[in-house]
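Take a look at the structure below.
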Amino acid sequence: MYLESPRYTERFGSVRINDIQKVVALDSGLKSEIPPHGAMGVVKICEDTIKDFEDKMAIVIPIKNEKLKLFEGVISGIPHDCLIIVVSNSQKEPVDRFRMEKDTLNQMCRYTYRSAYIVHQKDARVGEAMKQAGYTELVDENSLVRNGKAEGMVIGLLMAKLAGKEYVGFVDADNYSPGSILEYVRIFAAGFSMAKSPYSMVRILWHYKPKFSGGMYFRKWGRVSETTNKCFNSLISSRTGFETNIIKTGNAGEHAMSLKLAELLPYASGYAVEPQELVSIFEQFGGSLPSGPADVVRYGLDLFQIETRNPHLHEDKGTEHLGGMLLAGLSTIYHSPLCDEETKQLIISQLTIQKAMKPKQEPPKPHINRPPCKVHIGEFVKHMEPHLETCSALYED
Ligand code: GDP
Ligand code: CO
């Protein structure tokens, strides 16, 4: 794979925020006469390097009642060496969609000789293990994990840890294009290979997000992401004193992290999860507030934003949830102790103008699940390990 080299990097405390890097070519061949670092301004990521990182990576797929065909396509796009972890919150009655997902995954794994895990978000054993770990905010009064994609993500990343992986990536199950899933994961691997620090994150920027309305329109910036990025940049500018537009992936759903970093971040419920990760990175490692772990301060944190070649084609859930998405994302910035008065005013005015909030209101505080490092991960592992085999897609019950 060829990527644009990280030409511009902005620092915010210990965080190295790399500006957008485009994929120049999806493949870079095997021929050794090509200089290992490619041409000027371009980095060559060798196939072996990509495979090395894929081998150390788990890909978590949160899913809730998506079309089975889409799910089937998504899993077919995940590179063979990655461990697939499906966390499903799909219905079991009247139609057992979870069973259908499990069967689909089982079939793919049998045909292609690979392993994968699939677990239901409401599995009592998972709830119990979370409870034992002290993750009280994650479980409800019935000792089951609460609804939500973020909650599913936490299950997934703890499973990745349990499986001994070093990196975890997240891809949605409602993607129409298996080829773009393959590209996302290759980008994750490429990003990690460029990281200097063991604490790293790769966020995907979609090349285009087409809209179908009669013809097809290749849209680059959605209103929600544009506004979220603007508020992120306002927050950074206020702290550094220099205006910036470095953040371009505030809402990126497709993203990956080293597990070392994943353990340090809190996970906010709903659409707030991805923006909250960034907010927390800036809070812990931005240098303005008391710092996170000394190790991170020492090594720094590498944040990559990489733009795909494939367009993003996912299930259109309508425009009603866009307001909720904007509100959830901006509320994470608004309620951060880093947020200055000017950014707060910008957030309120944007939310009101875009009718995501009534005038003279404040955005609600996001529900935040503590970072995994703050709970007893060891207890989760101890309680889940005996059941791991039954979570395998190949397990026949
Ligand atoms: P959008 O793409 O940001 O509009 O959000 P989606 O509604 O498409 O959700 C993103 C992904 O999370 C999809 O794969 C959903 O199926 C999945 N998802 C949504 N809610 C839940 C949930 O409660 N639990 C789990 N495990 N996955 C969920
Ligand atoms: Co979606």
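First listed ligand is number 1; within each ligand, the first listed atom is number 1. As the structure is a prediction and not an experimental result, all values here were calculated from the model.
The closest approach between any non-hydrogen atom of G148 and ligand 1 is below 4.0 Å.
In the model, N147 has no side-chain atom that pairs as donor or acceptor with a side-chain atom of K64 under 3.5 Å. For the 3.5 Å distance criterion, the side chains of E54 and Y167 fail to qualify, holding no donor opposite an acceptor. No side-chain donor from either of N310 and Y184 sits under 3.5 Å from a side-chain acceptor of the other.
Inclusion of D172 in the first shell of the Co ion (ligand 2) is not supported: no N, O or S atom falls under 2.8 Å.
At a 4.0 Å heavy-atom cut-off, ligand 1 does not touch E151 at all. Counting heavy atoms under 4.0 Å from ligand 1, residue K64 touches it through both backbone and side chain. Looking at Q121 against ligand 1, only its side chain comes within 4.0 Å, counting heavy atoms.
Scanning all protein heavy atoms for the shortest distance to atom 6 (P) of ligand 1 gives K317 NZ, 3.4 Å. For atom 12 (O) of ligand 1, the nearest protein heavy atom (residue, atom name, distance) is K149 CD, 3.5 Å. What sits closest to atom 27 (N) of ligand 1 on the protein, heavy atoms only, is I63 N, 3.2 Å. Protein heavy atom closest to atom 3 (O) of ligand 1, with residue, atom name and distance, is Y271 CE2, 3.6 Å. Among all non-hydrogen protein atoms, the one lying nearest atom 13 (C) of ligand 1 is E66 OE2, 3.5 Å.
Distances between N or O atoms of G152 and those of ligand 1 include no value under 3.5 Å. Considering both main-chain and side-chain atoms, A173 comes within under 3.5 Å of ligand 1 through a nitrogen or oxygen pair. Of the polar atoms of N147, none of the N or O atoms is found under 3.5 Å from an N or O of ligand 1, judged by distance alone.
Remark: side-chain polar atoms of S180 are paired, donor with acceptor, to backbone N or O of S177 under 3.5 angstrom. Under a 3.5 Å cut-off, the side chain of D172 and the backbone N or O of D174 do not form any donor-acceptor pair. Side-chain N or O atoms of Q21 include one that pairs as donor or acceptor with a backbone N or O of E4 at under 3.5 Å. Side-chain N or O atoms of S28 include one that pairs as donor or acceptor with a backbone N or O of I45 at under 3.5 Å. With hydrogens and angles disregarded, a donor-acceptor distance shorter than 3.5 Å links the side chain of Y267 to the backbone of A262. A distance-only check finds no donor-acceptor pair linking the side chain of N175 to the backbone of H314 [under 3.5 Å].
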